[in-house]
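Here the structure is laid out as C-alpha cells; the discussion comes afterwards.
Keep in mind the model is a prediction, meaning the values are calculated, not measured. First the proteins, then the strands, lettered A, B, ... as listed; each starts at 1.
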Amino acid sequence: MSEEKLMVIDGNSLLHRAFYALPLLSTKDGIYTNGVYGFLTMLHKIQEDYDIDYICVAFDKKGPTFRHEAFEQYKANRDSTPNELALQFSILKEILNAMNIRQIELEGYEADDIAGTLSRIGEENGMEVILVTGDKDYLQLLSSDNIKVLITKKGITELEEYSRDKIIEEYGITPEQFIDLKGLMGDKSDNIPGIPGIGEKTGIKLLKQFGSIENIYDNIDEVGGKKTKEALIEHKNIAFLSKKLGEIIKNVPIQISMEELKIKEPDWNKLVELYKKFEFNSLLSKIPDSKLKIQEESSHKVKYKLIKDNKFRDIIDELDSNEEFGFKFVFEHENYMKSSMLGIGIKIADNSPYYIDFSENNIDVFITTFKKYFESKDIKKYGHMMKVDIIGLLRMDIHIKGIEFDTMIGEYILDPAQSNYSVNQLAMKYLNSSCKEEEQLLGKGKHKKTYGDLSVETRAKYVSTILDLVYRVKKPIREKIKELKMDCLYYEVELPLVEVLADMEYNGFKVDLEVLKQLGDEFESQINNLTNEIYELAGQEFNINSPKQLGEVLFDKLKLPVIKRTKTGYSTDAEVLDKLRGQHEIIEKILKYRQLVKLKTTYIDGLINLVDEKTHKIHSSFNQTVTNTGRISSTEPNLQNIPIKTEEGRKIRKAFVPKSKDYVLVDGDYSQIELRVLAHLSKDPKLMEAFFRDEDIHTKTASEIFGIPKDEVTPAMRNKAKAVNFGIIYGISDYGLSRDLNIPRKEAKEYIDNYLENYKMVKKYMEDIIEIGRKKGYVETILNRRRYVPELKSKNFNVRSFGERIAMNTPIQGSAADIIKVAMVKIYKELKDRNLRSKLILQVHDELIIETHKNELEEVKQLMKNIMENAIKLDVPLKVEIKVGDNWYETQ
DNA sequence: TCGGTCACG
DNA sequence: ACGTACGTGACCGAT
C-alpha cells in the first residue's frame with residue numbers, strides 16, 4: 001500500500017499569487033473575488049492531480065513574528081495588502097470552512113513555519129508530504145524524498161513540482177544549503193539584507209566549495225576573489241542574521257492531531273450557497289450532481305408528456321386556450337442548419353411541457369398542425385437561444401411571429417462580459433436551481449454523444465427541464481431589464497434582432513467555388529515558389545510556419561538582429577519582419593509567404609470546407625452574445641474578416657455572389673460612424689461642425705494638430721491624423737500611437753496633446769466617462785447598453801489603464817453597434833412589410849449587405865440608405881455610402 | 001489547450 | 001516604475 005499523503009498549502013502565498021494572476025473580478029455587488037476564485041481553481045487542480053489523504057491550509061497571523069524581534073526591518077519594504085485583496089481572506093476562510101478544510105495560523109509565526117513544522121510531523125508519521133506555495137523559499141524544506149514542493153508557475157493552474165533530487169541536480173547544492181544561500185544573498189522581498197555584491201551565482205559557488213556559512217568563515221582565507229572576501233568579512237554579522245531570518249523553523253508549537261487534517265466531506269449545502277453568493281458558477285458546475293440537492297428537485301420535479309404519434313388533441317386544446325408558450329427543438333447534432341430534427345419541446349403556460357418526438361415520420365403532420373400557432377403574432381413565444389429554434393422553424397417553412405422573450409439575450413444585455421449563457425447558469429443565478437450542461441449530458445471529445453444517441457425519454461426529460469427553467473427564469477430577468485432601463489434596448493433592438501440574424505444565417509451567402517479554387521491554385525503555386533526560394537536563402541529546409549523554427553533560422557543562423565521577444569522566444573511577427581526589411585532578401589519572401597499562406601488556408605481552404613455542397617451557400621453563424629461592447633460576431637466561417645486591405649486578398653471577395661443572376665449585392669457602409677458617435681457623445685463643436693460640413697475628417701484633424709490650413713495637409717500628415725483618430729477611439733496613449741506610426745513617443749504625445757487642445761470637449765468627455773465609470777462601476781451606450789468596468793478600481797497601473805481605455809472605447813464602439821442593429825431590425829421589417837424578395841445577408845460592424853432582386857434595386861438602395869442614416873437620431877448626421885455589384889469585390 | 005500570428009471593423 | 005492602443009475568430013505548431 002502506498003504512503004498516505006499530507007498536503008499543506010501556504011494560504012497567504014497562494015491567495016496573493018491568484019490575486020495578481022487574475023484580472024480583478026467582482027460580483028454584481030462589487031465584492032472582489034478573483035483571488036479566491038484562482039485559489040479554488042488551483043486547489044481543485046491539485047486535488048485532481050494528487051490523491052490526498054490529509055490537508056491543511058496555513059496562514060500568516062497578523063502582528064510581529066520572532067523575525068521582527070530579531071530584525072526590526074524584516075519585511076519593512078512590503079506594500080500593505082491592497083484592499084481588494086484584504087477582504088478576500090475572510091471569503092476564502094469561509095469557503096475552506098464549508099469544505100471542512102482545516103486552517104492553521106499562529107501568533108508570532110508565518111505560514112511557512114507552520115508548513116515546515118507540519119512537513120516534519122507528517123514525515124515522522126511516515127507520510128508523503130506535499131507543500132504548495134508560490135514562494136521559492138520552501139525549497140529548503142525538501143529534507144527527504146518523502147517531501148515535494150509545488151510552486152506556482154505562470155498563470156494559476158500551472159505548478160512546478162520540486163523534489164530533493166531535482167534541487168541537487170539543478171543547483172548543485174542541497175535544500176538545506178538554500179538557507180545559507182539566503183544568508184549570503186538576502187531576499188529583497190522580505191527586506192533581508194544579505195551580503196552586498198553576492199548574488200545567486202557567487203553564493204552557490206561558495207556553498208559548493210565550503211558547504212555552509214559557518215564553514216566559509218572558518219576558512220575565510222581560502223575564499224577566492226578579493227571583493228567577495230572583503231564583503232564577507234565586513235558583513236559577517238549580516239550573513240548570520242540573514243541566515244537566521246531566512247530559515248523556516250520546524251518546531252512551531254502547534255497542537256494538532258493528524259486525524260484533524262484528514263480529508264472530510266464538505267458541507268455541500270453551505271458550499272453551494274457560498275459559490276452562488278460569490279458567483280463562482282464554473283466551480284458550482286463541478287460539484288457532483290448528487291450533492292446538489294436542489295438540482296434533483298428541479299429535474300425530478302419536471303413532469304413531461306411525451307407524444308410519439310400524431311395525437312395532438314391535448315396540446316392543441318391547451319394552445320387554443322392560452323396566449324403564450326415556450327419551445328425548443330432537439331437536433332441530432334450541433335449543426336442546426338443541416339442535422340435532422342429529432343423532436344420539439346413545448347411548454348404552454350405553467351403546465352407540464354410536452355415533448356413531440358419526430359421519429360415516427362410525423363414532421364409533416366406537425367407542420368400542418370402547428371404552423372398557424374407559430375405564425376400567430378397574438379400567441380407569444382419565448383425560449384433560450386431562439387435563433388436556433390427560429391432556424392428550425394424556417395427549415396419547416398414556418399415563419400415565426402410573436403417572439404416575446406429570449407432568456408439568453410436578456411442575460412447578455414444585463415452583463416455582456418459573461419462567457420457562458422447556458423440555461424444552467426441562469427437557473428443557478430436566479431433560481432438556486434440547476435440542470436445539466438449539454439456537455440454533462442453528451443460528454444466531450446472522442447466519446448461525445450449526439451442527441452440521437454440518447455433515448456427519447458432522456459431527450460424529452462432534458463428539454464422539458466430546460467423549458468421549465470427558462471419559463472421560471474424569464475421573470476427575474478425581465479424585471480432586471482426594466483429596473484436597469486433597458487426595455488428599449490431589449491424589446492426594440494436585441495430581441496427583434498434575433499429573428500433578423502436567424503434569417504441572415506438561414507439565407508446564407510452564395511459562393512462561386514470556381515473563383516475560389518482558381519484563386520487557390522494561383523496562391524498555391526506562388527507559395528511553392530516562395531518556399532523553395534526561402535529554403536535556398538536560408539540554406540536549409542524548415543517549417544516556415546513555425547515561429548520557433550523561423551526564429552532560429554533568422555536570428556541564430558542568419559544572425560539578424562533581434563527586435564522583439566515573446567514569452568516563448570523570438571518574435572517574428574509582421575512588425576518585426578518589417579523592421580528587418582532590407583537586411584536580408586529572405587525577409588520580403590517570408591512576409592509574402594505568410595500573407596499567401598494565410599489567404600490559402602483560412603480564406604480558400606477554410607471557406608471551401610464550409611460551402612454547402614448542394615446550394616453552394618455559406619451559412620455563417622452570427623452570434624449575439626459574444627462581445628463585451630454589443631457588436632455581433634461571426635463564426636464558421638467568420639465573414640467579418642474577409643480580406644480587403646491587400647489586392648490579392650481582396651480578390652477573394654469575387655467569390656461572394658448573389659444567389660442567382662436575378663439578384664445583385666447592395667452594400668451600405670457607414671462613413672466614420674465611430675467618430676460621428678464621438679462627436680455626438682462629446683458634443684465637441686469642432687468635431688460636430690466637421691460632420692455637418694461633411695469634411696474629410698482625417699484631413700481636418702491633420703490641419704488641427706499640425707496647425708495649418710487644410711489645403712496644406714500632405715498625404716503623410718493625413719495618415720498620421722488618421723492614426724490619431726483611431727487612437728482617440730481606442731482610448732489614446734502615446735505609446736500605442738508611437739508604435740502604430742513608428743515615431744518617437746514624444747512626437748506621438750505632441751499629436752495627442754494638440755488634438756485634445758483643439759477638441760477640448762473630446763478631452764472633457766474622456767475624463768468624464770472615466771470618472772463616471774469609476775463611480776457607477778459601468779459605462780453605457782446611447783441605448784443604455786451597459787458594460788461593467790471593475791478594472792477602473794484596480795490598484796495595478798496596467799489593469800487600471802486598461803479599464804480607462806475600455807471606459808473610453810465602449811460607449812463609442814457600443815453605440816455604433818446599437819445604431820447598426822437598429823438599422824438591421826428596421827430594414828428587415830421594411831423588406832418584409834413591402835413583400836420584397838431582397839434579403840439582408842451580412843453585417844460587418846459598419847456595413848450591411850442586402851441580396852437584392854434586380855427589379856427592386858432602386859427601392860432597396862433608397863430604403864437602405866434612408867433607414868441606415870436615420871436609424872438613431874444623433875446630434876450629427878450619419879452618412880451611408882451605397883454600392884452595387886455582381887459580387888462583393890465590386891461593391892467596395 | 002495555448003500562444004503566436006494575422007485577417008477584419 | 002509600470003508597459004498598452006479597442007473589439008473579434010481561424011489556423012498553425014508546440015505542449
**OP:** Using the aromatic ring of A:Tyr735 (for Trp, its six-membered ring), decide whether it stacks on the base of C:dT4 within the limits of 5.5 Å and 30°.
**Re:** yes
**OP:** Measure the distance between the ring centre of A:Tyr730 and the centre of the six-membered base ring of C:dC6, then answer whether it is under 5.5 Å with planes under 30°.
**Re:** yes
Of the listed nucleotides ([options]), which one gets closest to any side-chain atom of [X]?
X: A:Glu636; options: B:dG4, C:dA10, C:dC6; result: C:dA10
X: A:Asn545; options: C:dA14, C:dC12, C:dG3; result: C:dC12
X: A:Lys567; options: C:dC2, B:dG4, C:dG7; result: B:dG4
X: A:Lys645; options: B:dC8, C:dC12, B:dT5; result: B:dC8
X: A:Asn798; options: B:dA7, B:dT5, C:dG3; result: C:dG3
X: A:Thr627; options: B:dC8, C:dG7, C:dA5; result: C:dG7
X: A:Arg805; options: C:dT4, C:dG13, C:dG7; result: C:dT4

[N] phosphate, OP1 or OP2, under 4.0 Å from [X] side-chain N/O:
X: A:Asn543; N: C:dG13; result: yes
X: A:Thr602; N: C:dG9; result: no
X: A:Ser546; N: C:dA14; result: yes
X: A:Arg594; N: B:dA7; result: no

Using a 4.0 Å heavy-atom cut-off across all strands, classify [X] as base, sugar-phosphate, or nothing.
X: A:Ala816; value: nothing
X: A:Ile644; value: sugar-phosphate
X: A:Gln549; value: sugar-phosphate
X: A:Thr566; value: sugar-phosphate

**OP:** Decide yes or no, distance alone: a donor-acceptor N/O pair under 3.5 angstrom between the base of C:dC6 and the side-chain of A:Gln813.
**Re:** yes
Original post:
Rounded to whole angstroms, how far apart are NZ on A:Lys45 and C1' on B:dT1?
Top reply: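 Rounded to whole Å, this separation is 12 Å.
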Subject >> First encountered from the 5' end of DNA chain C, between A:Arg745 and A:Ile806 >> reply: A:Arg745
